[in-house]
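To keep things clear, I will list the structure first and then write my remarks on it.
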Amino acid sequence: MTSIDWAGILAPNERILWQGRPGTGLSFNADALAKSAFGLFFFGFSIFWIVSAFTATAKSGDGSANVFPLFGIPFVAVGFYLVIGQYFWSVYVRGNTWYSLSDQRAFIARQIFGTKSLKSYPIAAGTPIEIDMGDTTSMWFAEHKSYSRNNMTTRKIGFELITGGNDVYQMIRKIQAGTA
């Protein structure tokens with residue numbers, strides 16, 4: 001997915017202003033570090049549970065009971081993902097992501113395990129833009145809310161870890177002002 005055929009995607013008279021890709025190095029942020037802290041507890045308890053269950057079943061002498069400790073493996077996997085795996089998953093996803101900005105919308109294209117997706121987000125005068133400046137810039141222009149029981153999770157959507165972020169931000173401001 002090195003280039004996108006824009007025929008049938010862009011509106012009449014819509015034009016691409018910028019295209020880029022996110023940085024692909026390891027990235028640590030407050031949310032990921034909080035998940036890692038919880039994951040460390042989760043991972044440690046899962047290992048403790050498996051060892052304890054194995055010790056208890058080994059003393060019983062019943063060979064069929066040795067399957068019981070294996071029920072802890074999915075919990076170890078989840079804990080490992082939260083502690084370490086989430087960072088490498090983020091690198092993989094960003095390495096398979098492409099960004100485009102038109103004079104009307106922002107596009108995020110991804111190809112994950114062979115499945116391609118292209119999502120667009122309108123940029124209008126009232127679109128709130130959140131920007132995190134640094135060596136690389138991240139800017140957020142949309143949110144995805146997911147609900148489960150009594151819990152709502154909000155995930156920011158935007159261009160992550162891009163170079164030349166100030167230029168892209170200025171283009172977005174011109175789109176919002178109607179001068180792009």
Side-chain angles (χ1 to χ4, degrees), residues 1-39 78 81-180:
M1 186 189 265
T2 56
S3 66
I4 295 174
D5 178 12
W6 292 103
I9 297 172
L10 296 178
N13 299 323
E14 184 177 9
R15 59 191 169 85
I16 298 297
L17 303 175
W18 172 84
Q19 292 183 309
R21 306 223 25 217
T24 57
L26 286 174
S27 175
F28 303 94
N29 59 46
D31 290 339
L33 293 173
K35 287 180 188 175
S36 288
F38 172 74
V78 169
Y81 171 79
L82 291 172
V83 174
I84 297 171
Q86 67 172 321
Y87 300 104
F88 293 99
W89 175 251
S90 177
V91 168
Y92 173 76
V93 169
R94 283 185 277 115
N96 290 285
T97 298
W98 295 263
Y99 299 138
S100 298
L101 181 66
S102 80
D103 56 357
Q104 299 175 26
R105 311 179 264 179
F107 295 90
I108 300 176
R110 289 199 169 103
Q111 183 172 343
I112 306 296
F113 298 127
T115 302
K116 295 178 182 180
S117 70
L118 176 66
K119 295 182 180 177
S120 70
Y121 304 91
I123 303 292
T127 304
I129 307 296
E130 182 181 336
I131 187 166
D132 298 328
M133 296 288 247
D135 293 339
T136 57
T137 301
S138 294
M139 59 189 70
W140 316 105
F141 42 75
E143 292 181 338
H144 174 74
K145 296 181 192 268
S146 56
Y147 302 90
S148 62
R149 292 194 177 189
N150 296 329
N151 189 21
M152 181 185 75
T153 305
T154 302
R155 181 177 51 88
K156 295 178 189 178
I157 298 172
F159 299 153
E160 294 183 67
L161 305 175
I162 59 172
T163 55
N166 190 48
D167 294 336
V168 176
Y169 179 68
Q170 293 307 318
M171 286 181 218
I172 290 173
R173 298 293 293 151
K174 286 180 180 179
I175 294 166
Q176 290 180 313
T179 61

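Residue numbers count from 1 along this sequence. Basis for what follows: all heavy atoms, side chains included, without hydrogens, waters or symmetry-related copies.
- Residues satisfying the salt bridge (Lys or Arg N to Asp or Glu O under 4.0 Å) criterion with Arg105, sequence neighbours excluded, are Glu14.
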Chi angles and distances behind the side-chain contact (heavy atoms from CB on, under 4.5 Å) call for Leu10, Ile16: CA-CA 9 Å; Leu10 296 178; Ile16 298 297; 4.0 Å; yes

Validation: residues 170-180 side-chain donor-acceptor distances under 3.5 Å, sequence neighbours left out:
| from | atom 1 | to | atom 2 | distance (Å) |
| --- | --- | --- | --- | --- |
| Arg173 | NH1 | Gln176 | OE1 | 3.0 |
| Gln176 | NE2 | Ala124 | O | 3.3 |
| Gln176 | NE2 | Thr127 | O | 2.6 |
| Thr179 | OG1 | Lys174 | O | 3.4 |

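- Residues Pro128 and Phe141 have side chains not in contact (no heavy-atom distance under 4.5 Å, counting atoms from C-beta outward).
- Residues satisfying the side chain to side chain donor-acceptor pair (under 3.5 Å) criterion with Trp140, sequence neighbours excluded, are Asp132.
- Considering all non-hydrogen atoms of both residues, Glu160 and Ser138 come closest at CA-OG, 3.5 Å.
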Please list every donor-acceptor pair under 3.5 Å in which a side-chain atom of residues 150-159 meets a protein atom from a residue at least two apart or in another chain.
| from | atom 1 | to | atom 2 | distance (Å) |
| --- | --- | --- | --- | --- |
| Lys156 | NZ | Glu130 | OE2 | 2.7 |

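- For the ring pair (Phe, Tyr, Trp, His ring centres under 6.0 Å) test, residues two or more places apart in sequence or in another chain that qualify with Phe113 are Trp89, Tyr92.
- Looking only at distances, no side-chain donor or acceptor of Tyr81 sits under 3.5 Å from a matching main-chain atom of Gly39.
- The side chain to side chain donor-acceptor pair (under 3.5 Å) test applied to Thr97 returns Arg110, not counting sequence neighbours.
- Applying the ring pair (Phe, Tyr, Trp, His ring centres under 6.0 Å) criterion to Phe107, with sequence neighbours excluded, gives Trp6.
- Two residues are said to be in side-chain contact when any heavy atoms from C-beta on lie closer than 4.5 Å; Met139 and Thr137 meet this criterion.
- To the nearest 0.5 Å, atom CG of residue Leu101 and atom CD1 of residue Ile162 are 9.0 Å apart.
- Taken to the nearest 0.5 Å, the CD1 atom of Ile9 stands 9.5 Å off from the OG atom of Ser100.
- The OG atom of Ser117 sits 10.5 Å away from atom CG of Asn96, with the distance rounded to the nearest 0.5 Å.
- Scored by the side-chain contact (heavy atoms from CB on, under 4.5 Å) test, Thr136 finds Leu161, Thr163 as partners (sequence neighbours excluded).
- In this structure, the side chains of Ile108 and Trp98 stay at 4.5 Å or more apart for every pair of heavy atoms.
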